[in-house]
There are 2 protein chains.
Amino acid sequence: MTDPDVRASIMRATYEALCEHGYTELTAQDIADRTDKSKSLLFYHYDSKEDLLADFVEFLLERFDDRVEETRDLPPVERLATFVDWFLYGPGEDDRQSFHTAILELRTQAPYNERYREKLRKSDDQLRDTLEEILRDGLESGEFREHDPEETAALLIAAFDGARIRQLTIDRDEYLEQVRSATVTWVFDDLLAEDASFPAERHPRTLPEGDEENRLAADFGTRDADAERGEAADEETNADNAGGADTDETNDAEARDGDGLEDDEPGDGDAGDRG
Amino acid sequence: MTDPDVRASIMRATYEALCEHGYTELTAQDIADRTDKSKSLLFYHYDSKEDLLADFVEFLLERFDDRVEETRDLPPVERLATFVDWFLYGPGEDDRQSFHTAILELRTQAPYNERYREKLRKSDDQLRDTLEEILRDGLESGEFREHDPEETAALLIAAFDGARIRQLTIDRDEYLEQVRSATVTWVFDDLLAEDASFPAERHPRTLPEGDEENRLAADFGTRDADAERGEAADEETNADNAGGADTDETNDAEARDGDGLEDDEPGDGDAGDRG
DNA sequence: CCGCCCTGACTAACTAGTCAGTTAGTGACC
DNA sequence: GGTCACTAACTGACTAGTTAGTCAGGGCGG
């Protein structure tokens, strides 16, 4: 993979395909269909589908890094609140939902796939380091009471991840609000010194405009592409650009500055290859 | 499915096959191979593979119900401690691990599969009801301080589920201990009235004998079957009883009283069918 | 004319589900 | 006690559909 534009275009196509089909039903053809190139080209650039998906996870990590960087200047309490909101957004943002559903499927393959596992571990490191950094900063500045940042970080990540997973898988939206509320009660209110109280959600459940919920889609041009594509799609066995996703110039520009892919909360993995 | 013995035998085979292959790589043949019957019979008893798996989840729920019932007499604090241990067992119990890994894969299919989603929701109800009951009992008896049992239950389930998932997927065992410890610090220590302190883990990380970790396997005869089976297995395309799992009399007896399948912490689901 | 990007057509492997037919059991009737 | 009718349980062989990955070659810029 030499050309970064080609990569960006494949990554975008992969993102869209994942949203529409989920991970297990994702085929190489699905990805190619969202490109103006053929399926064969995917195997020209990548040795296997797994290879491609692993690169996609890598791509996600780069994005996540950038997002974390943006918050570095905020005071600990604000940063912590932002962190919470990354996880406990929505519900009601369909593209994000279906994307995270797909990523969750991918995560559950990690125990059987060392490549995925490795990437997801890296992601877990990033996430935990970030959160621990926030907590330590708060300790140093005296905004937070004495506590064990490592354990607390583990608890928060596990709780938020668990809430999201249950919301996605059993469609129980109440987990998001309840876990947020319980976390504030049991953890944040104690964490903060006497007078302070933990700030409320940034993007409240009722979004002011259709603004925030379009970020992801907009960054990747998903919505537009969907609209344009409409029917047309495919007639039998042609993998050509019927579903062409974008005009070529906007392609790399968009992909480069839009930040897409909210949180990616990596999973983890274990075990060896299957029998 | 009229004959309960046949069902039990299929359930056992499904359990074993799931442990060995995981959910996504599970084939009808894999299940049949762990039976002394043919693959065709599975489709005689069930309309589809999905049908069979849905029944398997149902089967799991029945088991879980029984387990919950067993703890009903314990005082709230004890029950709560037992509950924690159900989730945060191990690591190091390989059969449980691989089983839960497989079930996690199944859970992530729930967003695309109404049948699974429905069953998993039922399981979620059971779990939450149980935990809320424990918390309310503790409130009534004065053992627990004032709090919101619903929110607290959501937090605990999400945190434990999240910890387990991260342990399974990225193979980060530390989540189990850290989340347990953080939960005791932030939640249980506050929950309990002044003097009391939350009891330690029942089956400590270093198991006294090889006793507890064999429960699951023993109940289903996994270990023995594995050992007996050894090589032999299959030569080309015969689905006969080369891997016969048990002598026929022991079959139903075992399946009937052994309780197998520890916790099953159901996930949830959403969305519609795939495109 | 070389080498890179790219493609359509193909295949090899796999697997859910079907189907025509066999076997074993049960009861009824002589 | 024999045999006939009927049925539920069961099977091996087969099919239809799917999809990752290959390959021989086309075009084109330098």
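The chains referred to below are lettered A, B, ... by the order of the sequence lines, with proteins before strands, and numbering in each begins at 1.
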Nearest whole Å is fine: how far is [N] [atom2] from [X] [atom1]?
X	N	atom1	atom2	value
A:Lys39	D:dT19	NZ	P	10 Å
A:His21	D:dT18	NE2	C1'	14 Å
B:Gln29	D:dT15	CD	P	18 Å
A:Ile10	C:dC6	CD1	C1'	12 Å
A:Leu53	D:dT19	CG	C1'	15 Å
B:Tyr46	D:dC10	OH	C1'	16 Å
B:Phe43	C:dA16	CZ	C1'	5 Å
A:Leu41	C:dA9	CG	P	17 Å

| field | Side-chain donor/acceptor of B:Lys49 to base of C:dG17, under 3.5 Å | value |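 Result: no qualifying N/O pair found.
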
| message | Between the base of C:dG8 and the side chain of A:Ser40, is there a donor and acceptor pair under 3.5 angstrom? | response |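 Looking at the base of C:dG8, it does pair with a donor or acceptor on the side chain of A:Ser40 (distance under 3.5 Å).
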
| query | Do the side-chain N or O atoms of A:His45 get closer than 4.0 angstrom to the phosphate oxygens (OP1, OP2) of C:dC6? | reply |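 Yes, because at least one side-chain N or O of A:His45 sits under 4.0 Å from OP1 or OP2 of C:dC6.
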
| query | Does B:Tyr44 make a side-chain N or O approach to OP1 or OP2 of D:dA9 shorter than 4.0 Å? | reply | yes

| Do A:Tyr89 and A:His100 have ring centres separated by under 6.0 Å? | yes

| query | Do NZ/NE/NH1/NH2 and the carboxylate oxygens of A:Asp33 and A:Lys39 come within less than 4.0 Å? | reply |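 Salt bridge: no.
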
| field | Closest-nucleotide 5' rank along DNA chain D - winner of A:Asp47 and A:Thr27 | value |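 Counting from the 5' end, the first nearest nucleotide belongs to A:Thr27.
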
| Test item: B:Lys49 side-chain N/O and B:Leu26 main-chain N/O as donor-acceptor pair under 3.5 Å |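 Yes, because the side chain of B:Lys49 sits within donor-acceptor range (under 3.5 Å) of the backbone of B:Leu26.
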
| Sub-3.5 Å donor-acceptor pair from the side chain of A:Asn113 to the main-chain atoms of A:Ala110, do we have one? |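 Such a contact is absent between A:Asn113 side chain and A:Ala110 backbone.
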
| query | Out of D:dC10, D:dG21, C:dG8, which has the shortest distance to the side chain of A:Ser38? | reply | C:dG8

| Would you say the side-chain atoms of A:Glu105 and B:Thr108 include a donor-acceptor pair closer than 3.5 Å? |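 Looking only at side-chain atoms, B:Thr108 and A:Glu105 do not form any donor-acceptor pair under 3.5 Å.
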
